[in-house]
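First the structure, in the form of structure tokens, and then the observations on it.
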Number of protein chains: 2
Amino acid sequence: MLTFTEENYLKSIYHLSGEGQKPVLTTQLAEGLDTRPATVTDMLKKLAAKELIVYEKYYGVELTRKGKAEALTVIRKHRLWETFLVEKLGFSWDEVHEVAEQLEHIRSPLLIEKLDIFLGRPKADPHGHPIPDKHGKLPVTAQTPLAAVAVQQQATVRAVRHASSVFLKYLSKIGVYIGASLQVTERNAFDHSVHIVIDGKKKAFLSREASENILVTPG
Amino acid sequence: MLTFTEENYLKSIYHLSGEGQKPVLTTQLAEGLDTRPATVTDMLKKLAAKELIVYEKYYGVELTRKGKAEALTVIRKHRLWETFLVEKLGFSWDEVHEVAEQLEHIRSPLLIEKLDIFLGRPKADPHGHPIPDKHGKLPVTAQTPLAAVAVQQQATVRAVRHASSVFLKYLSKIGVYIGASLQVTERNAFDHSVHIVIDGKKKAFLSREASENILVTPG
DNA sequence: TTAAAAATTTAGAATAATCTAAAAAAAAAT
DNA sequence: ATTTTTTTTTAGATTATTCTAAATTTTTAA
Ligand SMILES: [Mn+2]
Ligand SMILES: [Mn+2]
Ligand SMILES: [Mn+2]
Ligand SMILES: [Mn+2]
């Protein structure tokens, strides 16, 4: 059975690896988990001994099939709980992450199954992030950053890339939300900042960085 | 900030003290927390240093005002979560305790407040146990064990004393539930076992021990 | 009132997670 | 091809929780 710390490491490795492509480095993990590289090295040895990761000294780590499955279970729980907090308890999307960070470690397959049913088997969390099914399968979606959308093109907001509280609060303030219909009316050639119209009504101005972190589908 | 372990100790001390009457002994805690007396002694020193308990060597422990408040917060969370699991997720009353044992340690005052509202500020959990309000106040109730109810007297089930899974499953099987109307039709003078009628329909036979653990109000 | 039994505490050790400082390896720069 | 810098690992500690075994205190029973 995994400790909370071990679960957090697996989740972090999963996210940092880009869903399993590149190996993850010690310093990346130290950064992401807000701990010291020496601490990470210790934990990597432990996870490798449990066959949850493949760890090659000085090179980096990858998840094993088992480690990936564990990571996806934690991610599933995290996203289901975030959905619960927003849909049922009336949290706003910028308030849920920290609480879900705790709830994701609750161990009860029955609870997760019943929660999933209660929520109507949601496909995505309040930030548009896909929720793995109970077998760890993720729905595939073709989303592009708003930064890549052509001027005059119509697009629908599907997700945010980074779900930091400040960024989400900012989006709420200017009127951007999951499902909103956006149109880029102008793109500054110098810094790639954009003017947008939301739902054909509200106007807003976004930096390139912001537009990189809003994921949309055309139409 | 308290660790899970510290919270469990405070809760256990609260329950074992009979809501703060008698001092709690080392072996009682070791028994209740499924750990060794030596381990308990260590933890008691720690809790005493934090001024959550008054610990007198060889004599026993009592909660301080601060310790009692912490214990009641954990109990409040435990019972709100149990209510959620039964009312919203469709758990049965014999399935919720273990999960609530985990959920009770989630730290988020906002979550508890919103959960309380979502549930309609319930006064009691699925076992009839009173839910402390956010200030730690417990509703007072005058309940008597079914064992003390006179033959032919009408009584309504309000709570169960011990919420062990086997006992709860047994009650469900014979048709006893919170809110059920009971009538003792016969009491065996030898072993105090009773014959009861549930809701004027179903008949059942209960040992003295079972009837001690069913709490009712007259009428 | 002493001796035996039970309860409790202390001593010493283990595991988990963390840290700082030093050593070693790899990568980058001259 | 060296030297310098950066990254990573190792070594040695620290805190939290837990244990077993031994010592101590309290309680119970002769
Ligand atoms: Mn999150
Ligand atoms: Mn977490
Ligand atoms: Mn319970
Ligand atoms: Mn608990």
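Source: prediction; values computed, not measured. Hydrogens, waters and symmetry mates play no part in the numbers below; they use all other heavy atoms, side chains included. Letters A, B, ... mirror the listed sequences (proteins, then strands); counts begin at 1.
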Counting heavy atoms not belonging to B/Lys68, are there more than 12 under 6.0 Å from its NZ?
no

Starting from C1' on D/dT25, measure out to CD on B/Glu56 and report it in whole angstrom.
14 Å

Length of the CD-C1' vector between A/Glu31 and D/dT7, whole Å
14 Å

Please step through salt bridge (charged side-chain N to carboxylate O under 4.0 Å, His left out) for the pair A/Arg107 and A/Glu7, ending with a clear verdict.
CA-CA 11 Å; A/Arg107 251 179 274 280; A/Glu7 289 188 340; 3.3 Å; yes

In whole angstrom, give the distance that lies between atom CZ of A/Arg36 and atom P of D/dT10.
19 Å

Measuring from the side chain of A/Thr41 (C-beta onward, heavy atoms only), which nucleotide among C/dT10, D/dT8, C/dT9 has the closest atom?
D/dT8

Using the side-chain heavy atoms of B/Lys57, tell me which of these nucleotides is nearest: C/dT18, C/dT10, D/dT20.
C/dT10

A/Met43 has a side chain; which of C/dT9, C/dT18, D/dT9 sits nearest to it?
C/dT18

Which of D/dC19, D/dA16, C/dA26 is nearest the side chain of B/Asp42? It is D/dC19

A/Tyr9 vs B/Tyr59, nearer the 5' end of DNA chain C by closest nucleotide
B/Tyr59

Roughly how many Å is it from CE in A/Met1 to C1' in C/dA16, rounded to a whole number?
13 Å

Should B/Thr5 be listed as having a side-chain N or O under 4.0 Å from OP1 or OP2 of D/dA16?
no

Side chain of A/Tyr58 (C-beta onward), nearest among C/dA26, D/dA11, D/dC19
C/dA26

Roughly how many Å is it from CG in B/Leu44 to P in C/dT10, rounded to a whole number?
11 Å

Should B/Tyr55 be listed as having a side-chain N or O under 4.0 Å from OP1 or OP2 of C/dT9?
yes

Short side-chain donor-acceptor distance under 3.5 Å, B/Arg208 and B/Ser193
no

Return the nearest nucleotide to the side chain of B/Ala38; candidates are D/dA16, D/dT18, D/dT20.
D/dT20

Would you say the ring centers of A/His97 and A/His78 fall short of 6.0 Å from each other?
yes

Does A/Thr27 place a side-chain N or O at less than 4.0 Å from the phosphate oxygens OP1/OP2 of D/dT6?
no

Pair A/Tyr9 + A/Tyr14: ring centers closer than 6.0 Å
no

How many whole angstroms separate atom CD of A/Glu6 from atom P of C/dT15?
15 Å

Between P of C/dT18 and CG of A/Leu29, the distance in whole Å
12 Å

B/Leu2 has an atom CG; how far is it from atom P of D/dT15, in whole Å?
19 Å

Is the distance from OP1 or OP2 of D/dC19 to the nearest side-chain N or O of B/Thr39 less than 4.0 Å?
yes

